[in-house]
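Let me begin by presenting the structure, written as structure tokens, before commenting on it.
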Amino acid sequence: MTPWKRLLALCLAVGFMPMASAQDNWPQKPIRLLLGFPAGGGSDIVARLVAKSLGDRLGQNVVVDNKPGAGGNIATEMLVRSAGDGYTLLLVPSGHASGAAMKKSLPFDPIKDLAWVSTVTTYPLAFTVAPNSPIRSYADLIQKAKAEPNKYTYSSVGIGTAMHLAAEWAFGDANVQVTHIPFKGGTGPLTELLAGRLDVMVDTMTLTASLLKDQRVRAIAVTSPPGASPVSGVPAIADQYPGVVFESWLGIAAPATTPPELVDRLNKEIRAVLNQEDVKQKLISFGGSPQASSPNEFKTRVERDMRNLKKVIQDKKIELE
């Protein structure tokens, strides 16, 4: 074979060799998991649990980087501006959807600028009352609220939060007026509830589970799908008002520029983490349900939540921020 033919054959061989996949040599250094909330909270506990197990599987540390502020949007903006190389991830809360629904504008597209890897855990909201409350059940609350509009009150951790919008959705479907009392988080709602100055506290199961266990509050309803209440003897609102379903969630996202094969690799690893019995049991103890999803299922969930909550905002004429 002449030299030029050998060169041609070599070029053709190289040209037809498969390109190296983006995930072949990944990861070669620690991975940063952004979180838009302070250390010590419920989402931070979940982030550290997942980070430890994911790091063990990948052979590299996954470091939780708390970047609180702007309802989590500081961390989200950092993510969307990061390289899509698999070394910057975000633990996304369901507040991403309610926050996006409430904002007039954002410095990023809440759907298109993220690669939706997988959900990690889901959990309903819980409607609770004080142990000695005269409100015996959710049906009883609705009956009382119909008889005396705006007499009864419920809490949330702020205007436009998932708690606020989901409660307005539920009460709207029941055609009752219950007065919203927003708090800035902390123990304020519980203190007011137990003092008798607040009728109903609306919060996530992750924060309510320990209160129920200690019998400090009594649950009257949850926002689970029909027949799927995690609290024995307590109905889902959707059992009586079909369609009123809202599950909070935490999930993992990457920058939108992340190659699909790397997103798929991350999805596979997160599924493996959530199949670990110790991780499952810890997530359950936090009041959640371990739940992996495909990237498309995760994206669809976020789009659905934004659509449903935007409708509540429009129907209730809630002012955008």
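No experiment lies behind these values; they were computed from the predicted model shown.
Ring pair H96/F108 is parallel by interplanar angle, where below 30° counts as parallel and above 60° as perpendicular. Aromatic ring pairs are classed by plane angle as parallel below 30°, tilted from 30° to 60° and perpendicular above 60°; the pair H164 and H180 is parallel.
Shown here for Y241 and I142, the closest heavy-atom pair between the two residues is OH-CG2, 3.6 Å. The two residues G243 and W169 come nearest to each other via the heavy atoms O-CZ2, 3.1 Å. A236 and S229 get closest at one heavy-atom pair: N-CB, 4.2 Å. Closest non-hydrogen pair, T257 versus A83, comes out as OG1-C, 4.3 Å. Between K29 and Q60, the shortest heavy-atom distance links the atoms C-OE1, 3.4 Å. For A238 against P225, the heavy-atom pair with the smallest separation is CB-C, 4.5 Å.
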Please determine whether ring pair (Phe, Tyr, Trp, His ring centres under 6.0 Å) holds for the pair Y154 and F171, giving the CA-CA distance in whole Å, both sets of side-chain angles, and the decisive distance to 0.1 Å. CA-CA 11 Å; Y154 77 92; F171 294 136; 5.4 Å; yes

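Taking the centre of each ring, W249 and Y123 stay at or above the 6.0 Å mark.
Here the CG atom belonging to D305 is positioned 8.5 Å from the OG atom belonging to S98, to the nearest 0.5 angstrom. Summarising the geometry, atom CG belonging to L106 is positioned 13.0 Å from atom NZ belonging to K104; distances are rounded to the nearest 0.5 Å. The structure places CG of L165 at 10.5 Å from CD1 of I159, a figure rounded to the nearest 0.5 Å. To the nearest 0.5 Å, atom CG of residue L211 and atom CE of residue M201 are 5.5 Å apart.
Using a 4.0 Å cut-off between charged side-chain N and carboxylate O, R301 and E297 make no salt bridge. Salt-bridge annotation for E77 and R81: present, with a side-chain N of the basic residue lying under 4.0 Å from a carboxylate O of the acidic one. Classification of D315 and K311 as a salt-bridged pair holds, one side-chain N sitting under 4.0 Å from a carboxylate O. A salt bridge links R48 and D44; the closest N-O separation between the charged side-chain nitrogens and carboxylate oxygens is under 4.0 Å.
In this structure a side-chain-to-backbone donor-acceptor pair under 3.5 Å is present from S137 to D140. Under the 3.5 Å distance criterion, the side-chain polar atoms of D109 are matched with a main-chain donor or acceptor of K112. Distance alone, capped at 3.5 Å, is enough to place a donor-acceptor pair between the T76 side chain and the G72 backbone.
Contact check for T153 versus V200: no side-chain heavy atoms found under the 4.5 Å cut-off. The shortest side-chain heavy-atom distance between L274 and K280 does not fall under the 4.5 Å cut-off.
Tested against L33 for a side-chain contact (heavy atoms from CB on, under 4.5 Å), the candidates I252, D65, N66 yield a single pass: I252.
A search for salt bridge (charged side-chain N to carboxylate O under 4.0 Å, His left out) contacts involving R304 returns nothing, not counting sequence neighbours.
Within 6.0 Å of atom NZ in K282, 12 or fewer heavy atoms from other residues, nucleotides or ligands are found, so the atom counts as exposed in its surroundings.
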